[in-house]
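Step one of this worksheet: look at the structure below.
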Amino acid sequence: MKKLIALLVATAMILTIGSAMAEGIKLTVCMPLGQWTDNFDALIDSYMEKHPEIETIDATFPSSDVYNDLLKADLAAGELPDIISICYGRLNEEWFQYCADLTTDFPAYSDLTTAQIEVGTAEGFGFIVAPVYEEGTGILYNMRLLEKAGWDHTPQTRDELAQLCADLTAVGIKPFMHQWGETYLNLFNWVGPTWLGNKEGQGREFLEEMLAGKDMNLAEDKEWNDFLDTYEILIEYAQEGAIATDKWTCRNAFFLEECAMLVGEGSWETPNIANTNPELLDFVKQDVLPVSNDPKANNLQLQTIGISVTNTASEEHIKAAKEFASYIIDSEDAAKWHQELMGSPTSVITLEVSENLPALGKDVIALMQEGRAAESMYQFMPAVIMTDLEEAWARYVAQSYSREEFTKRYEEIFKDYAEGFYD
């Protein structure tokens, strides 16, 4: 009888161990990249074909304006995703403590530049943000509509932009659809830091001085005033109800060729255009927001999309997440996927640029090679001032703040931060 019981116990243990081994690793991904929603399965499938130890990869791609709240809800539930996306700089610093150091078990590390490693390293936490690909944001132009207004090139100065708007209006073409209801995406994030990116050194030192409370006298600052001169053009030609209009209303209007320009969108729209109006890909162009009347002073806003691995699982699980994250940024499969399907230039310089990279991605690379692309400073701003900056922007484009009132309030927010108001 004792032998029978021992045999049954041993058999149960073998079955339990076998079941655990068969279960495999389940990975979760959550990144604020809505354009990946209908396309990412291709990468999942190609990876899992070569990695039988991975049972499932569950990926979700919410909009960036709700992303942070979703991560907080996941954290509270004890279900923080294995792979997330956070920015360089201060904006996402609350998440640094939950990120794993990527200097080990991360094959892509050896292909990154010293500068990429340096900017992705947070003091006390190690190298936690690896670059995936580059997004360029300024203005998307429908060149077919520009040609109807007599233009064969995109405006390179503020005065040219004003003339283009007048010429488009004269032939019955709507210049813009502004998505100013998206205060985070459009006013704080995509367009708001453009003036900083046009400064010497791309504005990092200037921003740090503002955050330290130094009086920067924005009322007499050249780049700031060039920027607001441009906004006077944008406001003049804005559609009715722009301050309450969402991103998809504006995107679809541009995709369906109901307006000639889309401000604050960029190269990542390639798959969305392909799904909505693929013919437009033959006529669309990415270029800078021409803030200055000196063409050489206008830089494309560049955002490096980062990837991080969370540290809340077992060592084996974290290692598996690191390897998949590395695959997303550094494999030949991913390079082809990012470039040819998503239209995005990859960040790893050892990867070959595809001949089939769509036009918008080529436009971004061309501006980078010309030295006319600046990493956006929005990610170096602390998250605690975001809401007040968004409100100030919304009041300005709604014209409830004058230019002078907006400038004063903008400066005041940074001084309040330096004085500990947001602590």
Side-chain angles (χ1 to χ4, degrees), residues 17 20-33 36 40-61 67 71 74-75 78-89 92-134 304-338 344 346-352:
I17 294 171
M21 291 176 63
E23 184 176 340
I25 295 173
K26 300 177 181 179
L27 296 177
T28 53
V29 179
C30 185
M31 302 175 74
L33 303 168
W36 285 17
F40 194 67
D41 283 350
L43 276 190
I44 292 176
D45 293 343
S46 63
Y47 188 77
M48 290 183 64
E49 283 179 7
K50 305 167 188 174
H51 293 269
E53 75 278 10
I54 305 298
E55 182 178 347
T56 60
I57 300 176
D58 182 25
T60 55
F61 302 103
Y67 177 66
L71 282 189
D74 289 338
L75 178 64
E79 299 175 350
L80 198 61
D82 300 306
I83 295 173
I84 61 175
S85 180
I86 62 175
C87 301
Y88 298 146
N92 296 139
E93 60 188 355
E94 65 184 298
W95 296 106
F96 291 176
Q97 62 186 307
Y98 303 108
C99 293
D101 188 341
L102 299 177
T103 56
T104 59
D105 299 325
F106 188 67
Y109 181 78
S110 61
D111 289 330
L112 301 177
T113 67
T114 301
Q116 288 172 328
I117 293 171
E118 182 179 351
V119 75
T121 299
E123 186 176 356
F125 300 98
F127 175 61
I128 57 174
V129 182
V132 184
Y133 69 93
E134 307 298 330
T304 301
I305 301 304
I307 198 167
S308 299
V309 174
T310 57
N311 58 13
T312 55
S314 67
E315 290 186 12
E316 179 188 17
H317 198 99
I318 293 172
K319 183 175 184 295
K322 287 182 178 182
E323 290 173 352
F324 182 52
S326 181
Y327 176 84
I328 292 172
I329 73 171
D330 198 29
S331 66
E332 291 184 6
D333 290 341
K336 181 177 180 180
W337 183 83
H338 285 300
S344 300
T346 52
S347 296
V348 178
I349 61 174
T350 56
L351 295 173
E352 185 177 352

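Computed over heavy atoms, backbone and side chain alike; hydrogens, waters and symmetry mates excluded.
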Quiz prompt | Candidate pair Lys50 and Asp333, rule salt bridge (charged side-chain N to carboxylate O under 4.0 Å, His left out), full reasoning | solution = CA-CA 12 Å; Lys50 305 167 188 174; Asp333 290 341; 2.8 Å; yes
Quiz item: After noting the C-alpha distance and the side-chain angles of Glu315 and Lys319, does the key distance pass the salt bridge (charged side-chain N to carboxylate O under 4.0 Å, His left out) rule?
Solution: CA-CA 6 Å; Glu315 290 186 12; Lys319 183 175 184 295; over 6 Å; no
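Here the side chain of Ser85 pairs a donor or acceptor atom with the backbone of Gly306 at under 3.5 angstrom. Panel note: side chain Ser331, backbone Ile328; no donor-acceptor pair is recorded below 3.5 Å. Checked by atom type and distance alone, the side chain of Tyr88 never pairs as donor or acceptor with a backbone atom of Gln116 at under 3.5 Å. Remark: side-chain polar atoms of Ser347 are paired, donor with acceptor, to backbone N or O of Tyr133 under 3.5 angstrom. Lys322 places no side-chain N or O within 3.5 Å of a backbone atom of Val309 that could act as its donor or acceptor partner. Listed for the Asp101 side chain is no donor-acceptor partner under 3.5 Å among the backbone atoms of Gly126. Proximity of a side-chain donor or acceptor of Tyr47 to a complementary backbone N or O of Ile57 within less than 3.5 Å is not detected. Using a distance-only test at 3.5 Å, with no hydrogens or angles considered, a donor-acceptor pair links the side chain of Thr121 to the main chain of Ile117. No side-chain donor-acceptor contact under 3.5 Å links His51 to the backbone of Ala320.
Interatomic distance, OH of Tyr98 versus CZ of Phe125, reported as 10.0 Å (0.5 Å rounding). Atom SG of residue Cys30 and atom CD1 of residue Ile83 lie 11.5 Å apart, to the nearest 0.5 angstrom. Here the OG1 atom belonging to Thr103 is positioned 6.0 Å from the OH atom belonging to Tyr109, to the nearest 0.5 angstrom. The CD1 atom of Ile318 sits 11.5 Å away from atom CG of Leu27, with the distance rounded to the nearest 0.5 Å. Interatomic distance, CD of Glu49 versus CD1 of Ile44, reported as 12.5 Å (0.5 Å rounding).
Residues Ile307 and Val129 fail the side-chain proximity criterion, which asks for heavy atoms closer than 4.5 Å. Proximity of Trp337 to Trp36: side-chain heavy atoms (C-beta onward) are separated by under 4.5 Å at one or more points.
Looking at Glu332 and Lys336, no side-chain N of the basic residue comes within less than 4.0 Å of a carboxylate O on the acidic one, giving no salt bridge.
The closest side-chain donor-acceptor pair between Glu134 and Ser344, if any, does not fall under 3.5 angstrom. Tyr327 and Ser46 share a donor-acceptor pair across their side chains, judged by distance under 3.5 Å alone. There is no side-chain donor-acceptor pair under 3.5 Å between Thr310 and Asp82. For the residue pair Asp58 and Thr56, no side-chain donor N or O sits within less than 3.5 Å of a side-chain acceptor on the partner.
Other residues, nucleotides and ligands place no more than 12 heavy atoms under 6.0 Å from the CD atom of Glu118.
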